[in-house]
Protein chains: 4
Amino acid sequence: MARKPPTKPRKNASQERSRATVDALVEATARILVKEGFEKASTNRIAEIAGVSVGSLYQYFPSKEALVAAVIDRHNEEIMGLVRTALLEVANMPIEQAVRKLVTVAIEAHRINPKLHRVLAEQIPRTGQLKDVEAFNREVHTLVRTYLESRRKEMRKIDPGLATFICVSTIEAVAHNTVLNHAEMLSEKRVKVLVDETTRMVVGYLAVSSNPELRAAAKPAPG
Amino acid sequence: MARKPPTKPRKNASQERSRATVDALVEATARILVKEGFEKASTNRIAEIAGVSVGSLYQYFPSKEALVAAVIDRHNEEIMGLVRTALLEVANMPIEQAVRKLVTVAIEAHRINPKLHRVLAEQIPRTGQLKDVEAFNREVHTLVRTYLESRRKEMRKIDPGLATFICVSTIEAVAHNTVLNHAEMLSEKRVKVLVDETTRMVVGYLAVSSNPELRAAAKPAPG
Amino acid sequence: MARKPPTKPRKNASQERSRATVDALVEATARILVKEGFEKASTNRIAEIAGVSVGSLYQYFPSKEALVAAVIDRHNEEIMGLVRTALLEVANMPIEQAVRKLVTVAIEAHRINPKLHRVLAEQIPRTGQLKDVEAFNREVHTLVRTYLESRRKEMRKIDPGLATFICVSTIEAVAHNTVLNHAEMLSEKRVKVLVDETTRMVVGYLAVSSNPELRAAAKPAPG
Amino acid sequence: MARKPPTKPRKNASQERSRATVDALVEATARILVKEGFEKASTNRIAEIAGVSVGSLYQYFPSKEALVAAVIDRHNEEIMGLVRTALLEVANMPIEQAVRKLVTVAIEAHRINPKLHRVLAEQIPRTGQLKDVEAFNREVHTLVRTYLESRRKEMRKIDPGLATFICVSTIEAVAHNTVLNHAEMLSEKRVKVLVDETTRMVVGYLAVSSNPELRAAAKPAPG
DNA sequence: GATGAATGAGGGTTCATTCAT
DNA sequence: CATGAATGAACCCTCATTCAT
């Protein structure tokens, strides 16, 4: 693999002026990404839209990648804001209520900036920022897992890591696919049904079940 | 949006000589994608690896995009081969068995060429081939939906479209995330557990349930 | 200067089959030139339109240039056909009638295929075929000069070469500019005026003049 | 017709540094055109000769065409400089003197850079810059026509547009053909004869004539 | 710090021409 | 002779990055 360009912001951007420049750059990048796609997002163009010189861009971001990474981070941070809050609120809720909340929040999170989300998902070749995305995923995983472990009593006996993995994957996938490929489901009514169904699935999976059929279902046919 | 480059193969490539060239090109592209990433996959390099001149590349593919699209198509076709077969086999199976089969096949499909799958998912900016991918998704959706409708009697009363959407999303997400991010789960033993769990979840969701709790779970708290 | 590609047709094309192929190629070239411009006239495309393989093209024309040269030659030959005929007819006419005829024919000649004429004039970078064009010019010059010399008695005493040069340039320029840039002058009525005027100019120039003013005009102010 | 590349310079190039670069590029282009022909004038080569990087070339010219257009414009501007000046000087001159001046200037103008003029005329496929050339032609036409109209009293009764067209075409053609194809006529002596003759022709055409023969010449034989 | 002119490697693509079949 | 697949030099152009001012 070729040497990858650096990816971390060059300074803490604590000074107010710097801060404004950095923000303008990230914002400009996001805007171009959304409005014109990744291909059109050249550093010169970004600087221009941000009202800043290319030189300044490189003062704050060591590479184009770092800039894109910042956009991704910012987007993820917005999502994480919702998710963290939700998980705090959820801490003392019973599973069913909690899952419903999480499903709802997942969809909301994907709706924060769906166009940006799509571009990020479809057009951005990931090279260096995988780590950031993974960190993000890990945090979600940890938070959810912690919650699930705290609710062990209401649940079947499952490996908590596995359960977390399956539930998070499921919820994320439903939210993602809905927002990106089935916008028609986002009407208030239909979204409610979607949330109901997804919740039912996840809760049905996690919760202890008195249905012998279901218990059997989880085991392969003997032999 | 700027005009996108053409994407369809230029000739039917029926002659054997041509066919060989086309294959070599697609194969070379896939190999470079896997071994060196999207960035290194320049047309000149692809042609070189394919043992062919750039001119020949453009004789058969009108653009670099078309070539990548061909790789994607080929990969999807391999996946669809498995999936179609599985769905044929599944036609007369009861839900539990069928879902287990589909989950298994989904994981197998993602393991056909996981590295390529990852590159395709993470590094390739989707531009023109969205249609192909959507067609692929639609086919899967249709096949699954048809199966589910044929099994209506064993299922809860759910909107079949919605059910299909949720199940397909779930299974795909689990398979995708497992293969790409949790290769450690692919040991024979652990994969079995994973399949069991996923199956349990989906079947629990689809099948009629005698558990009143679960039935309640799907409805929001009154008021 | 770099070595220029060969330009002469490869064979005399005496066989009928060959002749047909050659014609098809020249015709196809002319058609593409007119309909799509020089840039689109690739040898592969020409061969395709001619219903022949590229290989065959190169059987008869050693280079693309040779093909274009052939088109130019054919076009010039058509023009020369008119001009030669006109000059034969003109041989025994008095100057005024003769010039009128030549002006008329010049315009007619430019109207044979004005679109091709324009492309030839505007879009074709001349490299090798200058010789052909010069030969064409020389022939016209010679024919006209011969005529003028035969009419010496009706003319002022002028250097025949110079007179030929001026008259041919003038007539050619008027015809060329009219057809290419002032198509609106080609209505029957207006063209008549144009021919009248041009004829008047040329004849006034050639013929002996009884006007002392004019005679004076030709001499610079003494000192 | 395919979309044509842009043709206007990219920046105003007001800064001195930029200005120098732009000049170097135009100059290099002209030089290569003259010394090696259009075919050899690749953007990379032009930049190299200009002592500048290709990138800089594209900073100031959006396409190769734009660069060539700039060369053409510059050349036309030099010509127009002479022509405009001449027409100012000519404003109060009688026709004979004026025409002589214009003929002289036309030849001078073509001698400014005859090699460039030839390349421009023979090798450059006109694509986008037709408008510029037409504008140039229109300006000449307008200036000359204005002069002629101011001299109406000394002239025959002719449609001024037509007269302008014929005179301009004639003078331009003579100058063009002389400089490009009959350099041997450019010796001081011979050029004088050429100017005399051309002047005689044009003046004889424009001026009122007492020669009944000539007046008759302009009319077709009755019936 | 900020600026933006300059850089140049490298990318995608074309097309005249060749030659094995 | 005809075919058309193959060739590859060369072209135009972009854009992340640098650095003198």
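Naming: A, B, ... by sequence-line order, numbering from 1 per chain.
Between B:L57 atom CG and E:dG11 atom P the separation is 14 Å, expressed in whole Å. Rounded to whole Å, the distance from NZ on C:K40 to P on E:dC15 is 9 Å. Distance CD (C:E65) to P (E:dC15): 16 Å, rounded to an integer number of Å. The separation between B:L25 atom CG and F:dA5 atom P is 14 Å, rounded to whole Å. Atom CD of B:E36 is separated from atom P of E:dG11 by 11 Å (rounded to the nearest Å). Atom P of nucleotide E:dG12 and atom CD1 of B:I32 are separated by 11 Å, given to the nearest angstrom. As rounded to whole Å, 9 Å separates atom P of F:dC13 from atom NZ of D:K64. Distance CZ (C:F38) to P (E:dT14): 17 Å, rounded to an integer number of Å.
Residues B:Y58 and B:T43 have side chains in contact (heavy-atom distance under 4.5 Å, counting atoms from C-beta outward). Counting heavy atoms from C-beta on, the side chains of C:V52 and C:Y60 never come closer than 4.5 Å.
Nucleic acid contact class of A:E48 (heavy atoms, under 4.0 Å, all strands): none.
Remark: the backbone N or O of B:L25 is paired with a side-chain donor or acceptor of B:T29 at under 3.5 angstrom. Using modelled atom types, one side-chain atom of A:K64 and one backbone atom of A:A41 make a donor-acceptor pair closer than 3.5 Å.
For the pair A:S53 and E:dT3, the criterion of a side-chain N or O lying under 4.0 Å from OP1 or OP2 is met. Taking 4.0 angstrom as the limit, B:Y60 places a side-chain polar atom (N or O) nearer than this to OP1 or OP2 of F:dA6. Contact check, B:Y58 against E:dT13: a side-chain N or O comes under 4.0 Å of OP1 or OP2.
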Tell me, with the steps shown, if C:E36 and C:R31 meet salt bridge (Lys or Arg N to Asp or Glu O under 4.0 Å). CA-CA 8 Å; C:E36 322 192 30; C:R31 267 229 279 278; over 6 Å; no

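Base pairing of F:dC12: its partner is E:dG11, meeting the Watson-Crick or G-U wobble criterion (both donor-acceptor distances under 3.5 Å). As the counterpart of F:dA20, E:dT3 is assigned, both hydrogen-bonding distances of the Watson-Crick or G-U wobble pattern falling under 3.5 Å.
Toward the 5' end of DNA chain E, the nearer of the two residues D:S56 and B:S42, judged by each one's closest nucleotide, is D:S56. Along DNA chain F, the nucleotide closest to B:V52 and the one closest to D:G55 are compared, and the more 5′ of them pairs with B:V52. Nearer to the 5' terminus of DNA chain E, by closest-nucleotide assignment, is the contact made by B:V54 (compared with the other of B:V54 and C:T43).
Side-chain proximity of C:S18 to the nucleotides F:dA6, E:dA2, F:dC1 is greatest for F:dC1. The side chain of B:N44 sits closest to E:dG12 out of E:dA6, E:dG12, F:dT7.
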